[in-house]
Amino acid sequence: METKSKNINTEAHNLIYKKGLIIAGPCSVESEQQLLHTASELASLKKIDILRAGIWKPRTNPGGFEGVGTKGLSWLLKAKQLTGLKTAVEVATAKHVEDALSFDVDVLWIGARTTVNPFSIQQLADALKGTKTTVLIKNPVNPDSKLWVGAIERLQKVGITDIGLIHRGFTSYGNTEYRNVPMWQIPIEMKRLFPNLPLISDPSHICGNRTGLYAVAQKSVDLDYDGLMIESHFDPDSALTDKNQQITPNELGNLLDKIIWKKTSSSEGEFTNKLESLREQINYLDEELISLISNRMKVAKEIGNIKKQSKVTILQAARYNEIIERALQKAKQVELSEEFMKTYMEAIHIESIRIQNAI
Ligand code: PEP
Ligand code: MN
């Protein structure tokens, strides 16, 4: 198709491979005025590489603002011409791809609600085939890294090479401090599997609020992410979507000023950074482990309560043996030594008994 073949985005290619890449813009395009106002304030920060803006909005429930649709693409093109910023929109169907490319959008991103669906991903891949489009893939809403990997593979299979990953957190049940829990171990694993693909953090959709943005952004940078995508609106309180998490371009400028990107100039510096980043990963994994162990103890406590009510003894040897057996089998699969697993399970068991005794 003609509109596609001319879309050879060498500049966009260079852009997503830049350490310290910043993508910013409103959650949604709401009007020409809102987009141009926000874009010009963002451009004057002189820190933004790509202007993001949702034209078609996937809403969890019907009846909400679903985006301005294709007409917004001409405003985005105007914003690009006026500010010199590259542009990015979310695509979910073949028609979106076709429309976006015909309006010279530089980067397409696939949303979290689309990455979960291999049918949709395949449809996008077919529409992108033969183009040189730069595509960013958000993590799927559910913590299933295989779907994320599958989306990368489907795009690579049709010849798309400029691919970046966006970590926007995962849906979880119950209240957490996050709108979408980060589960850092998943993007870290993706980085290990795809060391050449840029990894971009989306603190806006992880936090769902304005106050947590800086901490999540800095955490991501400390974990050696390559870039940030942050939602910004000239008047966040009036935003039609995601108003609680959007910040003004001015606030974004202040946030970005505070972020410390580590230098990777000398080889010694590179070594130190790598080491620090791996240590950060260990810290986060340890935190996850502790919180998992704590959840396990809460369940043990509930069991303790039930045992108390029905006057059953705390220690039940058959069950303990079963637990150990399962753990040893699992340990074998993941190449942990039997000795380690025994010691670990014993420590867990002692703590469980302590908790149940206390009831
Ligand atoms: C968005 O970027 O505005 C968006 C809809 O994001 P996600 O797909 O991460 O929910
Ligand atoms: Mn949003």
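As the structure lists them, so they are numbered: ligands from 1, and atoms in each ligand from 1. Atom set for the values below is all heavy atoms of this structure, side chains included, hydrogens, waters and symmetry mates excluded.
- Remark: side-chain polar atoms of Gln34 are paired, donor with acceptor, to backbone N or O of Ser28 under 3.5 angstrom.
- Shown in contact with Arg168 at under 4.0 Å from a heavy atom are these atoms of ligand 1, numbered in order with element: 7 (P), 9 (O), 10 (O).
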Candidate pair Glu231 and His205, rule side chain to side chain donor-acceptor pair (under 3.5 Å), full reasoning: CA-CA 9 Å; Glu231 288 185 339; His205 292 90; 3.1 Å; yes
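- Near Lys138, meaning under 4.0 Å from any of its heavy atoms, are these atoms of ligand 1: 1 (C), 2 (O), 4 (C), 6 (O), 7 (P), 8 (O), 9 (O).
- Atom 5 (C) of ligand 1 has Glu90 OE1, 3.6 Å as its closest protein atom, hydrogens excluded (heavy atom only).
- Set against the non-hydrogen atoms of Cys27, the atoms of ligand 1 under 4.0 Å away are 3 (O).
- With Leu136 as the fixed residue, the side-chain contact (heavy atoms from CB on, under 4.5 Å) test singles out one of Asp202, Leu165, Ile50, Ile23: Ile23.
- Those atoms of ligand 1 with a heavy atom of Arg113 less than 4.0 angstrom away are 7 (P), 8 (O), 10 (O).
- Using the six-membered ring where Trp is involved, Tyr344 and Phe340 have ring planes that are parallel, under 30° apart on the 30 and 60° scheme.
- Side-chain contact annotation: Asp126 with Gln122, donor-acceptor N/O pair under 3.5 Å present.
- Looking only at atom types and distance, the side chain of Asn283 has no donor-acceptor partner in the side chain of Glu287 under 3.5 Å away.
- Vertex the Mn ion (ligand 2); arms to His205 atom NE2 and Glu231 atom OE2; angle 90° (nearest 10°).
- The atom of Asp242 nearest to the Mn ion (ligand 2) is OD2, with the search restricted to N, O or S atoms.
- Ranking the protein heavy atoms by distance from atom 8 (O) of ligand 1 puts Ala112 N, 2.9 Å first.
- For Met229, the closest heavy-atom approach to ligand 1 does not fall below 4.0 Å.
- Of all protein heavy atoms, the one lying nearest to atom 2 (O) of ligand 1 is Arg52 NH1, 2.7 Å.
- Asn209 and Thr211 are linked by a side-chain donor-acceptor pair at a separation below 3.5 angstrom, with hydrogens and angles left out of the test.
- Tyr225 pairs in a side-chain hydrogen bond (donor to acceptor under 3.5 Å, both in side chains) with only one of the listed residues (Lys19, Lys219, Lys191, His167), which is His167.
- Not a single heavy atom of Gly54 lies less than 4.0 angstrom from ligand 1.
- Judged by distance alone, with hydrogens and angles left aside, the side-chain atoms of Arg168 form no donor-acceptor pair with the main-chain N or O of Pro203 at under 3.5 Å.
- When only interatomic distances are considered, the shortest N/O to N/O separation between His205 and ligand 1 falls below 3.5 Å.
- Taking every heavy atom of Lys57 and a limit of under 4.0 angstrom, the matching atoms of ligand 1 come to 1 (C), 3 (O), 5 (C).
- Residue Gly111 approaches ligand 1 through these ligand atoms, each under 4.0 Å from one of its heavy atoms: 8 (O).
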